[in-house]
Amino acid sequence: MPELPEVESARRRIAPAMARARFTAVDLRRPDLRAPFPKRFVERLVGHRVLALTRRGKYLLAPLSSGETLLMHLGMSGSLRVGSTARPMREEPHDHVRFSMSSGKRVVFNDPRRFGLMDLIPIGGVEHHTTLRRLGPEPLSDAFDATSLARACRGKKTSLKAALLDQRVVAGLGNIYAAEALHVARLSPSRQASTIATSSGAPRESAVRLAAAIKHVLERAIARQSREADRDQRFFVYEREGEPCLTRNCSGTIRRRAQSGRSTFFCPVCQN
DNA sequence: AGTGTCGCCTGAATGC
DNA sequence: TGCATTCAGGCGACAC
C-alpha cells in the first residue's frame, strides 16, 4: 500500500541508479498493468537519458532527454528494486518491467495486483496531464498549511477521512496515513470536513492541528522508511483494532469502522 | 458538481 | 486437505 512515504522512499532508493543514466535496454513482460503501456514504450525509452527522478503525490516522474516524461505509479502492491547489470538478477513472480541503465544498474518494477501504472507524457504535457493537473498541494511543501487545507475542505459535506483521501485536497495520503493523521490531530474520521473551516474558509484550530499532524505523520514515516529495522512499523491506529489507544492519558480502545467501503481505524474517546 | 459505490487484480487468511 | 469466500486498497468509471 505505497502512500507518499513509501513512494518517496522508493524514489530515494532508485534515484542513484536512474538519474542522469541512459536506458540501455527495457524488458517489457506484459502489455498492461492497470492500463496498457503507452505505444512504443520501449523505443521511446531506450537511448534516452533520465534527467531527474522526482515525485508528485504518489507518482514518480522521470523527465527524459527526449523531452518526454516517464510516469510511474506503484498502485497498491507495486515495488521497485535495484540490482546490477553485471550479473543476472533473480526473476520474481510479477516482475513486469525491467530497466537496464547505463549506470550499470537494473531497476525492476514488480506488482502482483497490477494496480500500478506507467505512462509516457509527451513533450510539454506534464502541466496538462489529466491526473497530475488535479492533484492538490504537496503536503510537505509550504504550499500546504492550515489555510490551504481549510480552504479545500470549506463547504465539503463529506467526512474528514474521505476528504483526506481525495487527492485534490492534498496529494499523497492513502488509507493508512489519513487515519494516522486524524488520530494525531484528535479528529474523528466521521466528522464533516467543512467543520475545520469557518464559513468564509478560514482555518479553525482543528485545521491547524490537522495540517500539522499530516506533516508530522508523513515526515516520521519517511524517516522510518529509511531505517531498515523500522520498515515494519507499527501505527498509532491502523490495524490496531481492539488495542489500547496510545494517546497519553487516554483510556480508549481502537475501533474499526467501514467508511465508504474502506476500513478506517480510530479512537472513539480522544478523536472528536 | 459533489458525493458515494463498484470493479479492477492477486495472495493471504479464514470458513466449512 | 481442499476448495470457496473474504479482505486488502488507489483510482477511474459510473450512478445519482
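Every chain is numbered from 1, with letters handed out A, B, ... down the list of sequences.
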*Select from A:G155 and A:P93 the residue whose nearest nucleotide in DNA chain B is closer to the 5' end of that strand.*
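Final value for this comparison: A:G155.
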*Side-chain ion pair, A:E43 and A:R40, N-O less than 4.0 Å*: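 No, A:E43 and A:R40 are not salt-bridged.
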*Looking at every strand, decide which applies to A:R256 at a 4.0 Å heavy-atom threshold: base, sugar-phosphate, or nothing.*
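Sugar-phosphate: the residue A:R256, judged by heavy atoms under 4.0 Å, touches backbone atoms but no base.
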*Please state how far atom CG in A:D166 lies from atom C1' in B:dT3, giving the value in whole angstrom units.*
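Atom-to-atom, A:D166 to B:dT3, this comes out as 10 Å.
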*asked:* Between C1' on B:dG4 and CG on A:L165, what's the gap in Å once rounded to a whole number?
replied: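 Rounding to the nearest Å, CG of A:L165 and C1' of B:dG4 are 13 Å apart.
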*Give the cluster check for A:V97 versus A:V50: same hydrophobic cluster or not, with ILVMFWY residues linked at side-chain heavy-atom distances below 4.5 Å.*
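Yes; A:V50 is reachable from A:V97 via cluster members.
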*Sugar-phosphate, base or nothing in reach of A:T131, heavy atoms under 4.0 Å*: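 Sugar-phosphate contact only.
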*Indicate whether OP1 or OP2 belonging to B:dG11 is found under 4.0 Å from a side-chain N or O atom of A:H94.*
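So the side-chain polar atoms of A:H94 do come within 4.0 Å of the phosphate oxygens OP1 or OP2 of B:dG11, strictly under.
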*Whole Å only: how far is the CD atom of A:E92 from the C1' atom of B:dT10?*
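Rounding to the nearest Å, CD of A:E92 and C1' of B:dT10 are 16 Å apart.
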Side chains of residues 113-123 of chain A: which donor-acceptor partners sit under 3.5 Å, not counting sequence neighbours?
none

*Shoot me the first and last contacting nucleotide of DNA chain C against chain A, ordered 5' to 3', at under 4.0 angstrom to non-hydrogen atoms.*
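Contact span on the strand: C:dA8 to C:dG12.
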*A:R113 has a side chain; which of B:dG7, B:dC9, B:dT3 sits nearest to it?*
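For A:R113, the side-chain atoms sit closest to B:dC9.
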*Take atom CZ of A:R114 and atom C1' of B:dG7, then tell me their distance rounded to the nearest Å.*
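In whole Å, B:dG7 C1' lies 14 Å from A:R114 CZ.
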*Charged N to carboxylate O under 4.0 angstrom, A:K215 versus A:D145?*
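Judged by the 4.0 Å cut-off on N to carboxylate O distance, A:K215 and A:D145 do not form a salt bridge.
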_A:R44 and A:E68 ion-paired at < 4.0 Å_ =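 Answer for the salt bridge query: yes.
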*Base, sugar-phosphate, or nothing: which does A:R262 touch, judged by heavy atoms less than 4.0 Å apart?*
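Base contact.
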*For B:dT3, does either OP1 or OP2 sit under 4.0 Å from a side-chain N or O belonging to A:K156?*
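For B:dT3, OP1 or OP2 has a side-chain N or O of A:K156 closer than 4.0 Å.
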_For A:A181 versus A:A213, what's the shortest heavy-atom pair and its separation?_
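Of all heavy-atom pairs spanning A:A181 and A:A213, the closest is O-CB, 3.4 Å.
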_Salt bridge A:E138-A:R56, side-chain N to carboxylate O under 4.0 Å_ =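 Result for this pair is yes, salt bridge flagged.
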